[in-house]
Amino acid sequence: MDTIEKYDLIYAVIARIPRGSVTTYGRIAAAAGLPRNARLVGRALRAAPDGADLPWHRVLNAHGAISPRDEASDERDQRRLLEAEGVTFRRGRVMLSRHLWDPDGGDG
DNA sequence: CGAGTGACGGACG
DNA sequence: CCGTCCGCCACTC
């Protein structure tokens with residue numbers, strides 16, 4: 001299994017995240033058949049081209065928060081995009097009980 | 001090839 | 001709820 005293939009698997013899962021929902025790095029990794037590779041999901045997003053049509057903003061960490069990045073503007077951007085889809089934040093975190101989408105839930 | 005790093009996550013105190 | 005410590009693995013130096 002090449003790294004590129006793993007990235008493609010990860011992208012495929014992210015592409016299925018429904019509008020108005022979010023999921024986590026860990027769940028994406030598991031759904032891609034790569035359990036315990038949450039870091040790889042972040043790395044895949046980092047490597048994803050800008051014009052990749054991926055809903056990258058629907059990916060959060062296990063706490064339902066936006067993971068810190070090099071540029072704080074990206075974090076604000078992500079929150080804006082989510083709020084535009086109706087995703088609500090509570091003390092810097094998304095209410096996962098309300099917006100979480102489980103890739104393995106089959107609810108695609 | 002070895003050491004450090006990071007869009008992460010779970011266990012522990 | 002918070003800080004700390006490991007496990008994880010591709011990538012960088």
Side-chain angles (χ1 to χ4, degrees):
Chain A
M1 175 81 78
D2 291 340
T3 302
I4 304 301
E5 287 183 276
K6 294 180 183 178
Y7 282 10
D8 284 342
L9 257 33
I10 290 168
Y11 294 147
V13 175
I14 295 175
R16 288 171 30 217
I17 306 175
R19 192 170 183 284
S21 293
V22 300
T23 193
T24 66
Y25 297 96
R27 286 173 190 280
I28 291 169
L34 304 166
R36 261 136 343 255
N37 279 311
R39 307 198 80 138
L40 203 59
V41 176
R43 191 165 286 285
L45 283 176
R46 174 68 91 183
D50 292 336
D53 285 338
L54 283 175
W56 58 271
H57 57 284
R58 297 176 190 148
V59 184
L60 305 173
N61 60 34
H63 294 292
I66 294 171
S67 288
R69 308 232 240 317
D70 292 351
E71 305 228 352
S73 61
D74 290 334
E75 299 173 36
R76 290 195 295 273
D77 214 27
Q78 180 169 5
R79 175 163 177 158
R80 278 301 192 189
L81 287 167
L82 287 175
E83 289 177 332
E85 297 184 351
V87 176
T88 55
F89 281 73
R90 180 68 174 177
R91 278 178 68 73
R93 283 184 266 102
V94 168
M95 290 191 268
L96 292 180
S97 61
R98 178 172 158 73
H99 296 289
L100 178 66
W101 173 75
D102 188 347
D104 287 316
D107 168 57

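Lettering of chains follows the sequences in order, A, B, ..., and the numbering in each one begins at 1.
Under the 4.5 Å side-chain heavy-atom criterion for Ile, Leu, Val, Met, Phe, Trp and Tyr, A:Leu54 and A:Leu81 are members of the same hydrophobic cluster. A:Trp101 and A:Ile66 fall into different hydrophobic clusters, where Ile, Leu, Val, Met, Phe, Trp and Tyr residues are linked whenever their side-chain heavy atoms come under 4.5 Å apart, directly or through other members. In the hydrophobic clustering of this structure, A:Val22 does not group with A:Tyr25; members are Ile, Leu, Val, Met, Phe, Trp, Tyr whose side-chain heavy atoms approach within less than 4.5 Å, directly or through other members.
A distance of 10.0 Å separates CZ in A:Arg98 from OG in A:Ser21, rounded to the nearest 0.5 Å.
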Given the rule that a pair is Watson-Crick or G-U wobble with both distances under 3.5 Å, how would you write DNA chain B in dot-bracket, using | for pairs to a different strand?
.|||||.||||||

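Rounded to whole angstrom, the span from the CD1 atom of A:Ile4 across to the C1' atom of C:dC11 amounts to 12 Å.
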Given the rule in the salt bridge (Lys or Arg N to Asp or Glu O under 4.0 Å) test, do A:Arg27 and A:Asp102 qualify, once you have shown the distances and angles that lead to the verdict?
CA-CA 7 Å; A:Arg27 286 173 190 280; A:Asp102 188 347; 3.3 Å; yes

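Side-chain contact between A:Arg19 and A:Arg58 is present, with at least one heavy-atom pair separated by less than 4.5 Å. A heavy-atom distance below 4.5 Å is not found between the side chains of A:Arg43 and A:Ile10. Residues A:Thr23 and A:Val13 form no side-chain contact, since every pair of their non-hydrogen atoms from C-beta on lies 4.5 Å or further apart.
Between A:Ala44 and A:Tyr7 the shortest heavy-atom distance is CB-CD1, 3.8 Å. Among all heavy-atom pairs drawn from A:Pro103 and A:Ala31, the shortest one is CB-CB, 3.3 Å.
Nucleotides C:dC5 and B:dG4 have their P atoms positioned 16 Å apart, rounded to a whole Å.
The stretch residues 83-98 of chain A has no heavy atom under 4.0 angstrom from DNA chain B at all.
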Just by protein heavy atoms under 4.0 Å, how would nucleotides 1-13 of chain B read 5' to 3' in B, S and -?
-----BBBSS---

